[in-house]
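One structure is given here, and the rest of the page talks about it.
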Amino acid sequence: RPGPTSGVWDSNWDKREPRS
Amino acid sequence: DNFKARATRHIFLIRHSQYNLDGSLDKDRTLTELGREQAELTGGRLASLGVKFDKIVHSSMTRAIETTDIISKHLPGVNRVSTDLLREGAPIEPDPPVSDWKPEARQYYEDGARIEAAFRNFIHRADAKQEEDSYEIFVCHANVIRYIVCRALQFPPEGWLRMSLNNGSITHLVIRPSGRVALRTLGDSGFMPPDKITRT
């Protein structure tokens with residue numbers, strides 16, 4: 001399941017995985 | 001500090017306008033006359049915002065291409081790029097499930113990976129080398145936009161089908177250099193007269 005769903009904002013959300 | 005973003009990205013996600021559902025092939029699923037009118041209204045609205053758009057990225061499906069053709073007339077000089085990543089599909093099994101829409105499981109694997117790749121490819125904070133705020137238009141599809149909104153806001157992506165988007169509507173996401181994301185409008189079609197609003 002993609003993405004965090006804990007309700008806590010992940011400020012590095014666009015840095016954890018390659019872009020494509 | 002050399003690698004820190006400084007600019008804000010404005011992402012305008014446009015749902016294609018009304019199209020002919022009778023065609024079996026994508027190329028036959030062209031815009032209706034009302035769909036062409038809707039695209040004119042959307043193009044006019046975008047032009048009236050008074051911002052300088054950097055580019056238009058559009059899905060390679062016929063209804064998105066035709067919507068882009070009309071929007072482009074209102075935004076002369078803005079480059080357009082086609083991508084298969086933004087084509088319509090089944091992003092993730094919706095929760096709660098719906099009875100009238102049951103794609104095969106394999107569809108979620110194929111489309112889900114592709115639409116997730118579209119999200120990672122297009123939706124991110126500005127690169128460090130971007131000096132000015134940018135304004136980009138993405139002309140694509142309801143499922144793709146709803147999934148992107150869930151992912152960008154870090155909401156559970158399986159909730160995408162709880163949202164509904166009108167044809168030609170504008171969804172505006174703002175991505176700050178800090179990575180903070182704001183949904184400024186979701187599916188705005190308030191610039192269209194009520195008798196021209198559809199959801200097909």
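Just the heavy atoms: all of them, side chains too, but no hydrogens, waters or symmetry mates, feed the values below. Chain identifiers are assigned alphabetically (A, B, ...) following the order of the sequence lines, protein sequences preceding nucleic acid strands; residue numbering begins at 1 within each chain.
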Identified side chain to side chain contact (heavy atoms under 4.5 Å, CB included) counterpart of Val174(B) within the set Arg184(B), Arg9(B), Arg180(B):
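Testing each of Arg184(B), Arg9(B), Arg180(B) against Val174(B), the sole residue satisfying side chain to side chain contact (heavy atoms under 4.5 Å, CB included) is Arg184(B).
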With clusters defined by side-chain heavy atoms of hydrophobic residues (ILVMFWY) lying less than 4.5 Å apart, directly or transitively, does Ile197(B) cluster with Tyr19(B)?
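They do not share one cluster, since no chain of ILVMFWY contacts under 4.5 Å joins Tyr19(B) to Ile197(B).
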Does a donor on one side chain and an acceptor on the other come within less than 3.5 Å for Asn167(B) and Thr198(B)?
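Yes, Thr198(B) and Asn167(B) have a side-chain donor paired with an acceptor closer than 3.5 Å.
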Do Ser169(B) and Arg15(B) pair up side chain to side chain, a donor and an acceptor below 3.5 Å, judged on atom types alone?
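Result is no, nothing qualifies.
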Between Glu40(B) and Arg36(B), does any side-chain N to carboxylate O distance fall below 4.0 Å?
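No, this pair does not count.
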Sort [X] into side chain, backbone, both or neither according to what part of it lies under 4.5 angstrom from a heavy atom of chain A.
{"X": "Ala118(B)", "answer": "neither"}
{"X": "Ile175(B)", "answer": "side chain"}
{"X": "Phe122(B)", "answer": "neither"}

Close contacts, residues 49-77 of chain B versus chain A, judged by heavy atoms under 4.5 Å:
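Within residues 49-77 of chain B, no residue comes under 4.5 Å from chain A.
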Which pair of heavy atoms, one from Trp9(A) and one from Gly179(B), lies closest together, and at what distance?
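Heavy-atom minimum between the residues: CZ2-O, 3.5 Å.
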Hey, can you tell me if His10(B) and Tyr135(B) have their rings parallel, tilted or perpendicular (30° and 60° cut-offs)?
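The arrangement is parallel - the two ring planes meet at less than 30°.
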